[in-house]
J.: 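I have a structure here, written as structure tokens, and I will follow up with some questions on it.
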2 protein chains.
Amino acid sequence: MNYSVSEENYIKSIYHLQQQTDTVTTNSLANELRTKPASVTDMLKKLQTKKLIEYEKYRGFKLNANGNKIALGIIRRHRLWEFFLVNKLGFEWDKVHVIAEELEHVSSADLIERLDSFLKFPQTDPHGDPIPDTNGKMAFIKQLNLAEIIVKKNIVVSSVGSQSPEMLEMLKHYHISIGTSLKVIKHFAFDGSIEIKVLQYTPCIISEQVAKNIFVHHD
Amino acid sequence: MNYSVSEENYIKSIYHLQQQTDTVTTNSLANELRTKPASVTDMLKKLQTKKLIEYEKYRGFKLNANGNKIALGIIRRHRLWEFFLVNKLGFEWDKVHVIAEELEHVSSADLIERLDSFLKFPQTDPHGDPIPDTNGKMAFIKQLNLAEIIVKKNIVVSSVGSQSPEMLEMLKHYHISIGTSLKVIKHFAFDGSIEIKVLQYTPCIISEQVAKNIFVHHD
DNA sequence: ATTAAAATTTAGACAAATCTAAAAATATTA
DNA sequence: TAATATTTTTAGATTTGTCTAAATTTTAAT
Ligand SMILES: [Mn+2]
Ligand SMILES: [Mn+2]
Ligand SMILES: [Mn+2]
Ligand SMILES: [Mn+2]
């Protein structure tokens, strides 16, 4: 089966919202897609007819197994293109999302498998998010929030909560990007800020808000 | 201004038809786009409102200067993606057209300029067709039909009339691709077939129909 | 110059995706 | 539990792009 650009965007958004709450609401999806609740209801009916979601009027909805597989296919394409844009075309990672949002809808399966191979089968996109394989299997990376790290062991930045230019600008200033190794040195109870040390740089202090937007894993 | 996928496909098709006849007819465009004449008329009105064509009811139509520029932008994207698909992803050149037909509509200008640079500013696509530059300037390559070559000097294959898998298969068998150097040895008046010699291979005979689909330029 | 054929346009309909305003269902609060 | 607020759905409209069938215009043929 083949899905329209609009259908694909809905499917992907439902998938992402489900990571937070198992069953999704009409309003949250409308908000995510910057559209109106009435439009969401219309599309839900269509997705139900096409057997991609479980949906009961007024009760919320979720992707079924089939819908999940479709979603992971779209996410695979999105993240492979993002990797291409950053690592081959030299884009900054705050610029690639909007472009990948279009490229993800190009429908050739052969294209994506060849792109994957050309990129040497990357495991994560430029934001640290894992890339599903052809069968929709996605590595689960146990991520911890930097704000909650206590031990003074080496940790590695694996992804970020915000992909805004503002975030990127600040991370650059701190010499932090995906894959950067660092250590937590001290917590300040007063405002929740923490002192960290990035390898080869002098220690610095980041606010709690920044820390909460940085996800890490051990060694 | 931004144009829909449908509008872009119409604009590009009008451009291509204009290469043969300066002013285009409703039927020919409908045929090119595999749609119905009534649909073409509808779109023509829209393109006229958007000031992309000159159009007089029942009298045919053509792109104006603005429409021409838009068309060349789409063709630039199409051909750059085709080059990418063949030279980076390893597609055969009979497979790339349909995919480029989708990729050409991805709208980021930055994307295309970076792609161009990544590909080292190619001058022609995998079918030998010239790639317009950012400003819509396109090199004109004086092409001659192989069926009409008489002199026994070295000539270079610059493009092909058909991009079908059948054509590709046969050209491969003859060891001919874009850029191949060859010589015309003899014409057979009986059926119009000609004997050619591809460098490093023994001479062979190709039918008039094949020859008519091969375009060449001198040295 | 008529008439017949072909090309083109209009009229009216339809599917997809969206919207606003109103109605219905559910959740919250007093 | 009853009133109120919030969420969700329905009803009806709009835009884009397409279609068929009928009307109109142009072109070709007698
Ligand atoms: Mn998208
Ligand atoms: Mn990403
Ligand atoms: Mn296209
Ligand atoms: Mn081409």
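As the structure is a prediction and not an experimental result, all values here were calculated from the model. In what follows, chains are A, B, ... by sequence order, proteins preceding strands, each numbered from 1.
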J.: Using the side-chain hydrogen bond (donor to acceptor under 3.5 Å, both in side chains) criterion, which residues pair with A:His97? Sequence neighbours excluded.
T.: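 Partners of A:His97 by the side-chain hydrogen bond (donor to acceptor under 3.5 Å, both in side chains) criterion, ordered by chain and then number, come out as A:His78, A:Glu82, A:Glu101.
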J.: Would you mind listing every salt bridge (Lys or Arg N to Asp or Glu O under 4.0 Å) that reaches into residues 114-125 of chain A, with sequence neighbours excluded?
T.: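 Salt bridge (Lys or Arg N to Asp or Glu O under 4.0 Å) check on residues 114-125 of chain A returns A:Arg76-A:Asp116, A:Arg79-A:Asp125, A:Asp110-A:Arg114.
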J.: Could you state the atom-to-atom distance from CG of A:Leu47 to P of D:dT9 in whole Å?
T.: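 Checked: the CG to P distance equals 13 Å.
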J.: Could you state the atom-to-atom distance from CE of A:Met43 to P of D:dT8 in whole Å?
T.: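 One finds 18 Å between P of D:dT8 and CE of A:Met43, rounded.
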J.: Looking at residues at least two apart in the chain, or sitting in another chain, which of them share a salt bridge (charged side-chain N to carboxylate O under 4.0 Å, His left out) with B:Glu102?
T.: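 None.
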J.: Across the strands shown, which category fits B:Ser39 at heavy-atom distances under 4.0 angstrom: base, sugar-phosphate, nothing?
T.: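 Result for B:Ser39 = base.
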J.: Only counting residues at least two apart or in another chain, list the ones meeting salt bridge (charged side-chain N to carboxylate O under 4.0 Å, His left out) with B:Lys172.
T.: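 Checked B:Lys172 against salt bridge (charged side-chain N to carboxylate O under 4.0 Å, His left out); matches are B:Glu92.
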J.: Counting only side-chain nitrogens and oxygens, does A:Lys36 get under 4.0 Å of the OP1 or OP2 atom of C:dT20?
T.: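 For A:Lys36, the contact criterion (side-chain N or O under 4.0 Å from OP1 or OP2 of C:dT20) is met.
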J.: Without decimals, in angstroms, what is the distance between B:Lys50 NZ and D:dT15 P?
T.: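 The distance from NZ of B:Lys50 to P of D:dT15 comes to 13 Å, rounded to the nearest Å.
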J.: If you count every heavy atom of other residues, nucleotides or ligands that lies below 6.0 Å from B:Lys212 atom NZ, does the total exceed 12?
T.: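 Result for NZ/B:Lys212: open.
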J.: For B:Lys45 and C:dT10, is the shortest distance between a side-chain N/O and OP1 or OP2 below 4.0 Å?
T.: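 The answer is yes; a side-chain N or O of B:Lys45 sits under 4.0 Å from OP1 or OP2.
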J.: Please tabulate the protein-to-nucleotide N/O contacts below 3.5 Å involving nucleotides 24-26 of chain D, giving atom names and distances.
T.:
from: D:dT24; atom 1: O2; to: B:Tyr58; atom 2: OH; distance (Å): 3.3
from: D:dT26; atom 1: O3'; to: B:Arg59; atom 2: NH2; distance (Å): 3.4

J.: Nearest heavy-atom pair of A:Ala211 and A:Leu146: which atoms, and what distance?
T.: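 In terms of heavy atoms, the two residues are closest at O-CB, 3.5 Å.
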J.: Check DNA chain D against residues 7-15 of chain B and give the residues with a non-hydrogen atom under 4.0 Å, in numerical order.
T.: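 Here the set is B:Tyr10.
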J.: Among pairs that include at least one residue of residues 133-148 of chain A, which meet side chain to side chain donor-acceptor pair (under 3.5 Å), considering only residues two or more places apart or in two chains?
T.: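 Matches after skipping sequence neighbours: A:Glu113-A:Thr134, A:Gln143-A:Ser158, A:Gln143-A:Ser159.
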J.: Is there a side-chain contact between A:Thr35 and the phosphate of C:dC19, meaning an N or O under 4.0 Å from OP1 or OP2?
T.: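 Looking at the OP1 and OP2 atoms of C:dC19, one of them is under 4.0 Å from a side-chain N or O of A:Thr35.
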J.: Once salt bridge (charged side-chain N to carboxylate O under 4.0 Å, His left out) is applied, do any residues pair with A:Lys50, and if so which ones, sequence neighbours excluded?
T.: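 Expected list: A:Glu7.
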J.: Please report, rounded to the nearest Å, how far the P atom of C:dA25 is from the CD atom of A:Glu56.
T.: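 Nearest whole value for this atom pair: 15 Å.
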J.: May I ask you to decide if the ring planes of B:Phe118 and B:Phe84 are parallel, tilted or perpendicular, using 30° and 60° as cut-offs?
T.: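 If you compare the ring of B:Phe118 with that of B:Phe84, the planes turn out tilted.
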J.: How close or far is atom C1' of C:dT9 from atom CG of B:Leu44, stated in whole angstroms?
T.: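 Atom CG in B:Leu44 sits about 10 Å away from atom C1' in C:dT9.
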J.: Could I get the full list of salt bridge (charged side-chain N to carboxylate O under 4.0 Å, His left out) partners for B:Glu169, not counting sequence neighbours?
T.: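 Expected list: none.
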J.: Per the side chain to side chain donor-acceptor pair (under 3.5 Å) rule, what does the pair list look like for residues 51-63 of chain A, sequence neighbours excluded?
T.: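 Only A:Asp22-A:Lys62 qualify under side chain to side chain donor-acceptor pair (under 3.5 Å).
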J.: May I ask you to verify if any side-chain N or O of A:Tyr55 is less than 4.0 angstrom from the OP1 or OP2 atom of D:dT9?
T.: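 Yes, within the criterion.
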J.: Counting the atoms with a prime plus P, OP1 and OP2 as sugar-phosphate, which does B:Thr41 contact under 4.0 Å by heavy atoms, base, sugar-phosphate, or nothing?
T.: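 Result for B:Thr41 = base.
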J.: Checking all strands, does A:Phe61 fall into the base, sugar-phosphate, or nothing category for heavy-atom contacts under 4.0 angstrom?
T.: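 Counting heavy atoms under 4.0 Å across all strands, no contact is made by A:Phe61.
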J.: Show me, pair by pair, the donor-acceptor contacts under 3.5 angstrom made by side chains of residues 32-42 of chain B, not counting sequence neighbours?
T.:
from: B:Thr41; atom 1: OG1; to: B:Pro37; atom 2: O; distance (Å): 3.2

J.: Using heavy atoms and a sub-4.0 Å distance, could you list which residues of residues 21-34 of chain A are near DNA chain D? By number, please.
T.: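 Within this stretch, A:Thr25, A:Thr26, A:Asn27 sit under 4.0 Å of the strand.
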J.: Atom CD of A:Gln48 to atom P of D:dT9: distance rounded to whole Å?
T.: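 My rounded result for the distance is 10 Å.
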